[in-house]
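Everything below concerns the one structure shown next.
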Number of protein chains: 2
Amino acid sequence: MEYQLSFSVNKKIYLRDPEGTELGKEIVKHSIELIYKLGFEQFTFKKLALEIGSTEATIYRYFENKHRLLLYILNWYWCYMEYLLMYRLQNISDIKARLEIVLDLLTSELPEGSGHLDFNLQLLNHIVIAESSKVYLIKEVSEINKNEVFKAYKDLCAKIAEIIHEFNPSYQYPHSLSTTLIECIHQQQFFCINLPRLTDNLHQRISASKFTSAFARDLLFKVLQNP
Amino acid sequence: MEYQLSFSVNKKIYLRDPEGTELGKEIVKHSIELIYKLGFEQFTFKKLALEIGSTEATIYRYFENKHRLLLYILNWYWCYMEYLLMYRLQNISDIKARLEIVLDLLTSELPEGSGHLDFNLQLLNHIVIAESSKVYLIKEVSEINKNEVFKAYKDLCAKIAEIIHEFNPSYQYPHSLSTTLIECIHQQQFFCINLPRLTDNLHQRISASKFTSAFARDLLFKVLQNP
DNA sequence: AATAAATGATAGTATTCCTATCTTTGTTGA
DNA sequence: TCAACAAAGATAGGAATACTATCATTTATT
């Protein structure tokens, strides 16, 4: 497996392609570390510039603002998820097994293959859990959605919806179940760690991802196996 | 029904009780309008002060920062929700009907009783949908959680979990299902309006709340009626 | 070797997010 | 009724954020 994954990260997300230069890659790599460390609110281009020994102005040449940078990171994540999903589904024809692969993909601690990438997928996972909804929960969402910047997320959602549909063609809400599954898995992991009373893993008997996995599996199959 | 609802809005959320003064009520009332209008990111105390003909410094005497103000608003909402829930559950003993009341409460466009309150519940509803998760998706969540500032949300969640448990005592995840239900209902409404491809209400054939209600009901009963 | 592109260095502006201080107004209760 | 106290207004200001602009320098391209 090569590093070369041809992701269609929408060009409207960035000003200058960060994949095209060393500095660009540094920006993305260190932004993941810094957003993880500080949280998105406290993260600034100035701090990032300091971290990589560059300047604020230079980072602004790559991304309009920090929101776009987050969007870029998440786009990358969504594309990678879809890629991994397709890769793992190869040769799996059993429809229940296909659904299990979806569940495993969404709940596993880190989505494998971390060796050959130049940034930390575990940190990325944490960012997805804690920050991803901030990318669409904004006033300008409809405006920026016109530029197709959420296409990668929609594609992933559509792919999962397809597998749901294969499993139970009479189920009416494959897309909504797909997004609910994705988002609820993030939430439950977050709650397990930070607000455990909102879950049934109160005293953290098992790990956040184990608990979430069990809950999500139970929910998914009950919804889909019900007549 | 009187205005007097004795809510236990945690004192650690505010510096000076906004319920105690006219100005305090103005702050809360207009902050709801302004957060709705601008979105939480663009909302500032300066703009709010201008709106109510007061000053920034004065608002800081009530709330430490805008995050606390949002927390206060949501606390009020969660308390109100729990109050409404208990009120509606009176005299309802049929366990399926009790669950229907939960669903209706969470998905109805505005939670009734808007006349006697001095702020707009419809706007509040929009804020809950678009901004509520920002209140906990922060780096300091564990820190501020120690002050019990999320108690109202946990109580609401626990109450719904109780009803879920009554309906199906063998179901293992009443709390997680409760939060998933609440959060997923917000999400689906948001997606219906802003990113409809993430739902199965693509061309908005029915209203966001009608669609969400149908989806949530289907999900809830399938999860709980499954053997 | 000439030229263009990318980056660095620096500066500056408007706004945000506060904190401090001083004055005025309104309330209470001795 | 007057003292004193709390709330609010007015104003100032500082550190940080979120940019934009300009010009010099380095690096790659042809």
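Naming: A, B, ... by sequence-line order, numbering from 1 per chain.
Here the C1' atom of nucleotide C/dT19 and the CG atom of B/Asn65 are 14 Å apart, to the nearest Å. Separating the CD atom of A/Glu41 from the P atom of D/dA16 is a distance of 19 Å, rounded to the nearest angstrom. Rounded to whole Å, atom C1' of C/dC17 lies 17 Å from atom CZ of B/Phe63. For the pair A/Lys66 NZ and D/dT17 C1', the computed distance is 9 Å after rounding to whole Å. In this structure, the CG atom of A/Leu34 is 11 Å from the P atom of D/dT17, given to the nearest Å. As rounded to whole Å, 14 Å separates atom P of C/dT7 from atom CZ of A/Phe45. When rounded to the nearest whole Å, the span between CD of A/Gln42 and C1' of C/dT16 equals 13 Å. Rounded to whole angstrom, the span from the CD atom of A/Glu26 across to the P atom of C/dT7 amounts to 12 Å.
If you check the side chains of A/Gln188 and B/Thr179, you find a donor sitting under 3.5 Å from an acceptor. No side-chain N or O of B/Thr212 forms a donor-acceptor pair with one of B/Gln187 less than 3.5 Å apart. With no hydrogens or angles considered, a side-chain donor-acceptor pair links B/Tyr62 and B/Thr21 at under 3.5 Å.
The side-chain contact (heavy atoms from CB on, under 4.5 Å) test with B/Asn201 is passed by exactly one of B/Arg197, B/Arg205, B/His203: B/Arg205.
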Inset, instruction - Going 5' to 3' through nucleotides 24-30 of chain D, assign each nucleotide B (protein heavy atom under 4.0 Å from a base atom), S (under 4.0 Å only from sugar-phosphate atoms) or - (no protein heavy atom that close). - result: -------

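Backbone-only contact: B/Tyr62 has heavy atoms under 4.0 Å from sugar-phosphate atoms and none from a base. Here A/Glu64 lies in heavy-atom contact (under 4.0 Å) with sugar-phosphate atoms only. At the heavy-atom level, A/Lys46 lies nowhere under 4.0 Å from the strands shown.
Neither OP1 nor OP2 of D/dA7 sits under 4.0 Å from any side-chain N or O of B/Thr21.
Side-chain atoms of B/Asn147 do not come within 3.5 Å of backbone N or O of B/Val149 as any donor-acceptor pair. Remark: side-chain polar atoms of B/Lys66 are paired, donor with acceptor, to backbone N or O of B/Phe43 under 3.5 angstrom. With hydrogens and angles ignored, the 3.5 Å screen pairs no side-chain donor or acceptor of B/Lys12 with any backbone N or O of B/Lys146.
Checked against the 6.0 Å centroid criterion, the rings of B/Phe45 and B/Phe63 do not qualify as a close aromatic pair. Ring centers of B/Tyr72 and B/Trp76: at least 6.0 Å apart, outside the cut-off.
Residues B/Ile138 and A/Glu41 come closest through the heavy atom pair CG2-OE1, 4.4 Å.
For B/Arg16, counting side-chain heavy atoms from C-beta on, the closest listed nucleotide (D/dA8, D/dT17, C/dT7) is D/dA8. Nearest nucleotide to the side chain of A/Tyr60, out of C/dA6, D/dA7, D/dT20: D/dT20.
Overall, the helix from C/dA1-D/dT30 to C/dA30-D/dT1 carries an axis bend of 20° between its ends, with five pairs at each end and the value rounded to 10°.
Both tests hold for B/Lys139 against A/Tyr36: distance to the six-membered ring centre under 6.0 Å, angle to the ring axis within 45°.
Between A/Tyr173 and B/Phe215, the ring planes are perpendicular. Angles over 60° get that label, and only those under 30° would be called parallel.
For the segment residues 52-59 of chain A, the set of residues with a heavy atom within less than 4.0 Å of an atom of DNA chain D comprises A/Glu56, A/Ala57, in numerical order.
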